[in-house]
Amino acid sequence: MDFRTACEETKTGICLLQDGNQEPFKVRLHLAKDILMIQEQDVICVSGEPFYSGERTVTIRRQTVGGFGLSIKGGAEHNIPVVISKISKEQRAELSGLLFIGDAILQVQVLRNAGEEVTLTVSFLKRAPAFLKLPLNEDCACAPSDQSSGTSSPLCDSGLHLNYHPNNTDTLSCSSWPASPGLRWEKRWCDLRLIPLLHSRFSQYLPGSDLCRQNAFQVIAVDGVCSGIIQCLSAEDCIDWLQAIASNISNLTKHNIKKINRNFPVNQQIVYMGWTEEREQDSLQDRMYTPKFLALRGSSLYKFIAPPVTTWDWTRAEKTFSVYEIMCKILKDSDLLDRRKHCFSVQSESGEDLYFSVELESDLTLWEKAFQTATFLEVERIQCKTYACVLESHLMGLTIDFSMGFVCFDAATKAVLWRYKFSQLKGSSDDGKSKIKFLFQNQDTKQIEAKELEFSNLFAVLHCIHSFFAAKVACLDPLYVGSQATASAAPTTSGTGKLKYTT
């Protein structure tokens with residue numbers, strides 16, 4: 001029941017669906033390039049224009065061998081109707097063409113000859129509880145049996161057992177139901193719910209929490225339509241479905257970004273768009289996590305409540321950050337704050353720490369690459385950034401230049417006090433508030449020279465330096481993706497909140 005095409009764009013399989021407080025029931029998932037279809041089985045008339053019917057009436061006669069050729073399950077003790085669970089090959093029930101596994105028997109009329117002929121009124125039970133374990137196709141034939149199904153039901157209690165000749169043939173008094181001659185019925189998979197994949201999100205976690213469902217997930221469309229809880233048969237099957245859905249969402253997003261970028265100038269191109277969940281900083285909140293939509297475009301990281309659709313939407317972001325003035329860190333297991341696995345943090349230019357979670361490791365890798373790309377492109381575009389600073393009560397300026405390195409100059413006279421290349425920076429420290437001490441190596445004397453400057457926007461300066469160093473490393477190694485080279489050439493955060501540079 002599970003296959004994929006060569007292009008890995010489609011996947012079909014059987015899962016359980018829990019919709020609200022109902023018992024889980026079997027559905028078929030069909031993943032297409034741009035949509036997830038959730039389908040349930042139903043019986044429809046296919047004579048002429050297909051249509052659905054709530055009830056069907058069929059008259060069948062008992063065979064000498066095999067009886068009526070069907071078995072039943074369910075009943076009052078299960079709080080569900082009596083359901084046809086098996087239909088024997090080449091027996092009366094199958095030959096009628098009107099009875100199907102999963103049909104609920106609504107009424108029975110014994111016509112004559114002590115139960116030799118009966119009329120059944122049936123309706124397909126589309127959401128049969130999973131515990132009935134009904135087969136999903138008509139190939140699951142059962143051999144004629146000399147014993148009843150063993151299930152207590154109104155049929156069995158009345159003495160009418162459908163798979164063997166009963167000892168007691170008391171009849172049921174029912175009104176007659178009209179037959180439907182000339183109609184042909186088939187059991188088919190019918191669409192229950194359609195989830196467009198563009199900008200949709202999925203989650204294994206209980207909403208707002210760090211509690212992961214076991215082998216289950218839900219998919220939520222951009223308009224809020226929810227799939228319900230999809231329960232897979234195994235952990236491997238669950239991961240396979242999540243990866244397939246994530247891949248199709250990613251491909252749709254990339255295609256959509258290409259279309260949108262046609263309307264934006266070169267310096268405002270979108271590099272990344274996708275859903276994350278942000279951890280609430282207020283521990284008193286009812287929800288620990290809230291869905292957020294992140295986008296990297298031009299010089300900025302945007303945080304939205306919902307995906308931007310129009311140009312106007314881009315002006316209504318919840319928050320916007322300069323991409324080269326923030327710090328992104330992929331969190332190790334020892335850094336995680338709760339039971340969510342794939343997380344990263346973003347420290348803003350003001351020093352605010354934001355904590356995000358994604359569903360899959362591939363999502364985390366995609367974000368990391370996109371952030372590094374966006375940072376490199378923006379540093380390459382601006383080439384330099386100047387910050388106001390104070391040196392011994394004098395107003396100064398510090399320019400971080402991609403080609404030249406560090407240049408400190410008098411704000412009034414523009415006279416250069418000192419300049420050093422990036423390679424001359426051997427270390428640094430900060431007080432976590434405003435002061436940074438740089439340790440440069442003099443090229444001639446090889447001596448370490450300390451330079452202390454005071455800034456009003458400490459974290460923005462530190463993050464900008466980090467971004468320029470990362471861009472330098474990327475120039476040396478175009479295939480660089482989160483390598484240790486950044487750690488050896490850029491600032492790292494210590495437990496006291498200080499940032500240090502090492503060689």
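Every value quoted in this text rests on a predicted model; they were computed, and no experiment measured them.
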**Q.** Side-chain H-bond candidate by donor/acceptor type, S362 with Q243, under 3.5 Å
**A.** no
Q) Is a side-chain donor-acceptor pair under 3.5 Å present for S299 with S322? A) no
(Q) Any heavy-atom pair between the side chains of Q281 and E352 that's under 4.5 Å? (A) yes
**Q.** F459 and H463 aromatic ring geometry - parallel, tilted or perpendicular at 30°/60° bounds
**A.** tilted
Q | Pair K11 + D240, salt bridge at N-O below 4.0 Å | A | yes
Q) Looking at W241 versus F217, is the centre-to-centre ring distance below 6.0 Å? A) no
Q) Does a side-chain N-to-carboxylate-O contact under 4.0 Å join K292 and E277? A) no
Q) Does L99 reach the side chain of L70, with side-chain heavy atoms less than 4.5 Å apart? A) yes
Q. How long is the span from the SG atom in C226 to the CD1 atom in I195, to the nearest 0.5 Å?
A. 7.0 Å
Q. Can you check whether Y324 and H466 have ring centres sitting under 6.0 Å from each other?
A. no
(Q) Just so I know, are the side chains of T10 and L31 near enough to count as touching, which here means a heavy-atom distance under 4.5 Å? (A) no
Q) To the nearest 0.5 Å, what is the distance between CE (M273) and OG (S250)? A) 11.0 Å
**Q.** Cationic N near anionic O, under 4.0 Å, K341 to D333
**A.** no
(Q) Name the residue from F344, F356, W275 that meets the ring-ring contact (aromatic ring centres under 6.0 Å, His included) definition with W367. (A) F344
Q: Could you give me the CA-CA distance, side-chain angles and deciding distance for Y355 and L331, then say whether side chain to side chain contact (heavy atoms under 4.5 Å, CB included) is met?
A: CA-CA 10 Å; Y355 189 98; L331 300 179; 3.2 Å; yes
Q) Side chains of Y289 and D338: donor-acceptor distance under 3.5 Å anywhere? A) yes
Q. Distance under 6.0 Å and angle within 45° of the ring axis: does R316 meet both against F304?
A. no
Q: Using a strict cut-off of less than 4.0 Å between a Lys/Arg side-chain nitrogen and an Asp/Glu carboxylate oxygen, indicate whether E359 and R201 qualify as a salt bridge.
A: no
Q: Flag the pair R213 / Y205 as yes when at least one side-chain heavy-atom distance between them is below 4.5 Å, and no otherwise.
A: no
Q. Can you find a pair of side-chain heavy atoms, one from I305 and one from F293, that are under 4.5 Å apart?
A. no
Q.
Taking CD in E361 as the centre, count heavy atoms belonging to other residues, nucleotides or ligands within less than 6.0 Å. Is the count above 12?
A. no
